Amino acid sequence: MLLTWRRWRRGRPFWGGLAAVLAGAEICAIPLAPLKIMLQQGIAGIPSVLMGLVMIVMGLSAWFAPHYRGLAGVLTVLCAAAALVMSNLGGFLIGTIIGILGGSMIFAWQPVAPAEAETAAATAAATATATTSAPGVVAEPGTRGEPGPRAEPGSSARPAPSEP
């Protein structure tokens with residue numbers, strides 16, 4: 001169960017979506033008041049509720065449709081910035097800041113294919129063995145430290161560095 005949760009969470013911009021949902025809930029909840037006060041507020045409370053709901057929907061779409069992460073991230077940042085002006089300073093600045101960070105994390109997230117993760121691990125292991133080559137062995141770029149042919153004097157090939 002825990003492994004399934006971890007795999008699901010890593011396959012999408014989870015933390016950015018969570019930040020967007022929390023920011024949307026915070027922006028949406030502040031203007032909600034008893035009906036008597038809402039009627040006195042007039043139309044001023046409607047944009048707050050709508051922007052908060054849009055941010056919540058964008059956070060959920062980042063979780064359940066991660067291929068729309070670009071659109072969700074940009075719309076979250078735009079709604080958070082608009083809430084600064086239209087909704088009680090964006091939920092007293094807390095909702096705006098969390099919304100901008102969440103939208104940025106959604107937009108910046110990139111999926112990692114399992115094959116790429118294995119290739120990256122193999123490349124890191126190859127780099128580690130290349131840096132720990134034996135003394136006196138010339139490691140050319142792209143090799144793993146095996147001794148190669150040295151350039152002959154007068155040839156156009158780059159000469160090997162000399163030992164001190």
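All heavy atoms count here, side chains included; hydrogens, waters and symmetry mates do not. From a predicted model like this one, the values you see are computed outputs, not experimental measurements.
- Minimum heavy-atom separation, A23 to M55: CB-CE, 3.6 Å.
- Residues P66 and P13 are in side-chain contact: their nearest non-hydrogen atoms beyond the backbone lie under 4.5 Å apart.
- One hydrophobic cluster holds both V57 and L75 under the rule that ILVMFWY side chains link at heavy-atom gaps under 4.5 Å.
- Among all heavy-atom pairs drawn from M51 and A82, the shortest one is SD-CB, 3.8 Å.
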#### Entry: side chain to side chain contact (heavy atoms under 4.5 Å, CB included) evaluation trace for C79 with M58
CA-CA 10 Å; C79 281; M58 291 300 109; over 6 Å; no
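- The closest donor-acceptor contact from the side chain of T96 to the backbone of A80 lies under 3.5 Å.
- Between the side chain of W15 and the backbone N or O of M105, no donor-acceptor pair lies under 3.5 Å.
- Distance check: W63 CH2 to R12 CZ gives 10.5 Å after rounding to the nearest 0.5 Å.
- We find the CG-CD distance between L93 and E26 to be 9.5 Å, quoted to the nearest 0.5 Å.
- In this structure, the separation between CG on L18 and CZ on R9 is 11.0 Å, given to the nearest 0.5 Å.
- G102 approaches A19 most closely through the heavy-atom pair CA-CB, 3.6 Å.
- To the nearest 0.5 Å, atom CZ of residue R69 and atom OG1 of residue T76 are 14.0 Å apart.
- Interatomic distance, I94 CD1 to L89 CG, rounded to the nearest 0.5 Å: 11.0 Å.
- Neither V77 nor L71 shares a network with the other; the hydrophobic side chains, linked directly or stepwise wherever heavy atoms of I, L, V, M, F, W or Y lie under 4.5 Å apart, form separate groups for each.
- When hydrophobic clusters are built by joining Ile, Leu, Val, Met, Phe, Trp and Tyr residues whose side-chain heavy atoms come closer than 4.5 Å, directly or via intermediates, V85 is not grouped with V54.
- If you take CD1 on I56 and OG on S61, they are separated by 12.0 Å, rounding to the nearest 0.5 Å.
- No continuous path of ILVMFWY side-chain contacts below 4.5 Å connects I27 to L53, so the two sit in separate hydrophobic clusters.
- There is a path of hydrophobic side-chain contacts, each under 4.5 Å, that joins F14 to L22.
- Between M86 and S48, the closest side-chain pair of non-hydrogen atoms is not below 4.5 Å.
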